[in-house]
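We use all heavy atoms of the structure for the numbers below, so side chains are in, but hydrogens, waters and symmetry mates are not.
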Amino acid sequence: MICYNCGCRLSEHDFCTACGADVTIYKKIMHISNRFYNDGLEKAQVRDLTGAITSLRQCLKFNKNHVEARNLLGLVYFEMGEVVAALSEWVISKNLRPKKNIADDYINMIQTNQSRLDSINQTIKKYNQALLYCHQQSLDLAIIQLKKVLSLNPKFVRAHQLLALLYINSEEWERARRELYKCSQIDTNNTITMRYLKEVEHMLAPEEGGKASSKKRNKPGDVIKYQSGNETIIQPMNVKESKGVSTVVNMAIGILIGLAAAWFLILPARIQSAQASMDEDLREVSEQLDAKTATIGELEQQVKELTDKNVSIQADLDGYVGTDGALQAMDKLLVAASAYLTDPGQVMQVAESLDEIDMEELGDTVSEDFKTLYERLTTLVGPELAKAYYDEGYELYSQEQYAAALPILVKAHQYDESNGDALYYLAHCYRFTNNNAKAKEAYEQVIEQFPGTEKARNSRRFLTELENADQSTAVR
């Protein structure tokens, strides 16, 4: 025994010889803890697992660092099918004693075997699903799930008990007794099992009661009865010669009695047996149908989840490879960059690729590197493109083709916002195409960006004319 204060080994004295601490109560606590551990070990050896759990828990209340008690408690839980509780105890034990601890072997036995680990996970999920079915009053589905649980983990005591309880609810006493016997073989002194089993045995016990017997007294002179072995011989006292008619009548009566006995005794038993067989077949077919229904439900749920996931993936894929997707935009940007690197003078070819990229629509779907490359290309080819678009747009404007000149002048201003002429004639094109709102906006930009110039003064005059025109229209 180790001193709780300094960690030295204690002697037979009631104080620590190293640090002088009083260990009287400490020793008593450790002795009580060891006594509960020994009691739990004895109960576990005779398969009194419930009693062993109680004793081992008491042991750990007095000494939570009792590694052997935790390891044994984990084994008891594992034997009862409580794998999660067993792993919890073994993990705590391993943390208390990292080296030379058999809990390592127990944990590795479960975690290194992937099939066993999957089986444990499936057992827990199906047992929880069975509990959910019970709360939803779907008792047939709960029975099917519990049968699956016990096929994966035959020692799961709680699953046996719940299945037995469902059989008791449906008054299938014999099946309930079989499940409870399986529980008692795993845990011989489980209180819940014993209570359920007592109820089932009470329902299956035959009713006791005295059988009323009546003795008929023979009339004197009628017959003589005597016993010969196991047979009772009845002999008339006055034997007379039987007449033929009496014999025929007696034979007819005997035949009628035999037919009546067959009708009232044999036939109902045969009918009841056939009915019981049909009920059993119907129950088995119903269980199979319920199992298939549950399986179909699970498969339909999986199909729905996969369908939703497929729709989401397809939407993401369309976003990447669609007309305005980021992937296609990246291809166009690479084409523009390749054209510029091949021949910097081919600005119109670069412009064709850049014009097909809508940065506002792409938003945050592209990376910062993409945006940086786009802005870099726009800066390099912008002035030349702006001049080329301006010359083309002004030519169309001079020919009074305002609608055709409008998009070209927009591009000229987009690539070079410092080009005041492009903005000025763009405002004229808006005005001549009756887009007064855009025209006002463009004139205001000219006034704001190029103050003191001829374009700004003319823009102010045109802006005033548009506002007066709007006011006169409103008055009319």
Side-chain angles (χ1 to χ4, degrees), residues 1-4 7 9 26 29-131 145-146 148-163 182-193:
M1 190 178 299
I2 304 300
C3 177
Y4 66 88
R9 185 173 298 276
Y26 175 72
I29 293 174
M30 294 298 104
H31 286 313
I32 293 173
S33 175
N34 292 334
R35 186 177 301 170
F36 276 116
Y37 169 73
N38 294 330
D39 184 61
L41 180 59
E42 291 177 358
K43 291 180 179 179
Q45 288 173 347
V46 296
R47 301 199 69 83
D48 182 7
L49 302 185
T50 302
I53 289 175
T54 303
S55 297
L56 292 173
R57 283 180 175 175
Q58 287 294 111
C59 170
L60 293 174
K61 283 184 180 180
F62 286 98
N63 183 10
K64 65 180 181 180
N65 297 325
H66 202 306
V67 175
E68 289 75 11
R70 290 197 180 275
N71 290 339
L72 180 57
L73 182 59
L75 286 175
V76 173
Y77 279 136
F78 186 80
E79 184 65 17
M80 294 178 68
E82 305 286 348
V83 183
V84 176
L87 283 173
S88 300
E89 296 298 332
W90 291 335
V91 169
I92 295 173
S93 172
K94 184 178 179 180
N95 290 330
L96 293 175
R97 186 190 295 170
K99 297 181 179 180
K100 294 183 180 181
N101 193 341
I102 197 172
D104 287 334
D105 298 335
Y106 299 152
I107 296 173
N108 293 332
M109 175 185 65
I110 295 175
Q111 293 183 345
T112 57
N113 191 339
Q114 187 63 36
S115 61
R116 175 177 291 181
L117 195 59
D118 294 339
S119 176
I120 292 170
N121 292 333
Q122 290 296 324
T123 300
I124 297 171
K125 291 180 181 178
K126 292 184 182 296
Y127 180 74
N128 292 334
Q129 185 64 41
L131 288 176
Q145 287 293 332
L146 289 172
K148 293 180 180 179
V149 169
L150 293 175
S151 66
L152 295 173
N153 188 358
K155 292 185 178 181
F156 199 173
V157 174
R158 284 195 295 168
H160 282 294
Q161 291 172 344
L162 182 56
L163 182 58
K182 293 177 182 177
C183 289
S184 62
Q185 290 176 357
I186 299 170
D187 185 4
T188 58
N189 198 24
N190 190 292
T191 307
I192 297 176
T193 302

> Under the salt bridge (charged side-chain N to carboxylate O under 4.0 Å, His left out) rule, what pairs show up with a residue in residues 80-99, not counting sequence neighbours?
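Of all non-adjacent pairs touching residues 80-99, those that pass salt bridge (charged side-chain N to carboxylate O under 4.0 Å, His left out) are Glu68-Arg97, Arg70-Glu89, Glu82-Arg158, Lys94-Asp104.
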> Run the side-chain hydrogen bond (donor to acceptor under 3.5 Å, both in side chains) test against Thr50 and tell me which residues pass, sequence neighbours left out.
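With neighbours one apart ignored, the set is Asp187, Asn190.
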> Restricting to ring pair (Phe, Tyr, Trp, His ring centres under 6.0 Å), what partner residues turn up for Tyr77, sequence neighbours left out?
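Applying ring pair (Phe, Tyr, Trp, His ring centres under 6.0 Å) to Tyr77 gives none.
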> So, taking the atom named CG in Leu163 and the one named CG in Leu150, what distance separates them when rounded to the nearest 0.5 Å?
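Going from CG on Leu163 over to CG on Leu150, the span is 6.0 Å.
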> Does the side chain of Asp118 come under 3.5 Å of the side chain of Gln114 through a donor N or O and an acceptor N or O?
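Yes - a donor-acceptor pair under 3.5 Å links their side chains.
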> What's the separation between atom CE in Met80 and atom CZ in Arg47, rounded to the nearest 0.5 Å?
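The CZ atom of Arg47 is 10.0 Å from CE of Met80, to the nearest 0.5 Å.
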> Please list, chain by chain and in numerical order, all residues satisfying side-chain hydrogen bond (donor to acceptor under 3.5 Å, both in side chains) with Asn153, sequence neighbours excluded.
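Partners of Asn153 under the side-chain hydrogen bond (donor to acceptor under 3.5 Å, both in side chains) test: none.
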> Do any pairs count as a ring-ring contact (aromatic ring centres under 6.0 Å, His included) and have a residue in residues 99-128, sequence neighbours left out, and if so which ones?
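Only Trp90-Tyr106, Tyr127-Phe156 qualify under ring-ring contact (aromatic ring centres under 6.0 Å, His included).
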> I need the minimum non-hydrogen distance between Ser93 and Val67, along with the two atoms involved.
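Reported closest heavy-atom pair: OG-CG1, 3.1 Å.
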> Could you report the tightest heavy-atom contact between Val76 and Ala44, atom names first, then the distance?
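That would be CG2-CB, 4.3 Å.
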> Among all residues two or more places apart in sequence or in another chain, which pass the side-chain hydrogen bond (donor to acceptor under 3.5 Å, both in side chains) test with Asn113?
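Applying side-chain hydrogen bond (donor to acceptor under 3.5 Å, both in side chains) to Asn113 gives Ser115.
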> Counting only N and O atoms by type, is there a donor-acceptor contact under 3.5 Å from the side chain of Ser33 to the main-chain atoms of Ile29?
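No; zero donor-acceptor contacts below 3.5 Å.
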> If I take atom CD1 from residue Ile53 and atom CD from residue Gln58, how far apart are they, to the nearest 0.5 angstrom?
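These two atoms lie 13.0 Å from each other.
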> CD1/Ile186 to OG1/Thr193 distance, rounded to the nearest 0.5 angstrom?
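Reported value, rounded in 0.5 Å steps: 9.0 Å.
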> Considering only residues two or more places apart or on different chains, which pairs with a residue in residues 40-66 satisfy ring-ring contact (aromatic ring centres under 6.0 Å, His included)?
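Sorted result for residues 40-66: Phe36-Phe62, Tyr37-His66.
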> Answer with yes or no whether the side chains of Asn63 and Asn34 bring together a donor and an acceptor at under 3.5 Å.
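No, no side-chain donor-acceptor pair sits under 3.5 Å.
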> Do Ile120 and Arg116 have side chains that approach each other closer than 4.5 Å (heavy atoms only, starting at C-beta)?
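Of all side-chain heavy-atom pairs linking Arg116 with Ile120, at least one is under 4.5 Å.
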> Taking only residues two or more places apart in sequence, or in another chain, which ones meet Lys182 in a salt bridge (charged side-chain N to carboxylate O under 4.0 Å, His left out)?
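Result, salt bridge (charged side-chain N to carboxylate O under 4.0 Å, His left out) vs Lys182: Glu179.
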> State which residues pass salt bridge (charged side-chain N to carboxylate O under 4.0 Å, His left out) with Lys126; sequence neighbours excluded, sorted by chain then number.
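Salt bridge (charged side-chain N to carboxylate O under 4.0 Å, His left out) list for Lys126, sorted by chain: empty.
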> Quick one: list whatever passes side-chain hydrogen bond (donor to acceptor under 3.5 Å, both in side chains) with Thr191, sequence neighbours left out.
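For Thr191 there are no side-chain hydrogen bond (donor to acceptor under 3.5 Å, both in side chains) partners, ignoring immediate neighbours.
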> So, for Pro154 and His160, which heavy atoms are closest and what is the spacing to 0.1 Å?
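Looking at all heavy atoms of both residues, the closest pair is O-NE2, 2.7 Å.
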> Report yes if the side chains of Asn189 and Val46 come closer than 4.5 Å at any heavy-atom pair, otherwise no.
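A side-chain contact is absent here, since even the closest heavy-atom pair is not under 4.5 Å.
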> Atom CG of Leu60 and atom CG of Leu73: how far apart are they, to the nearest 0.5 Å?
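That separation rounds to 6.5 Å.
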> Quick one: CD1 on Ile102 to CG on Asn71, what's the gap to the nearest 0.5 Å?
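Ile102 atom CD1 to Asn71 atom CG measures 7.0 Å (nearest 0.5 Å).
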> Would you call Arg35-Asp39 a salt bridge at under 4.0 Å N-O?
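Salt bridge: no.
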> Could you work out, with side-chain contact (heavy atoms from CB on, under 4.5 Å) as the rule, every residue matching Val91, not counting sequence neighbours?
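In terms of side-chain contact (heavy atoms from CB on, under 4.5 Å), with neighbours along the sequence ignored, Val91 is linked to Asn95, Ile107.
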> Looking at every non-hydrogen atom in both residues, tell me the closest pair between Ala69 and Cys59 and how far apart they are.
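Closest approach of Ala69 to Cys59: CB-SG, 3.7 Å.
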> With Ser119, which residues qualify under side-chain contact (heavy atoms from CB on, under 4.5 Å), at least two apart?
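Ser119: side-chain contact (heavy atoms from CB on, under 4.5 Å) contacts with Thr123, Leu152.
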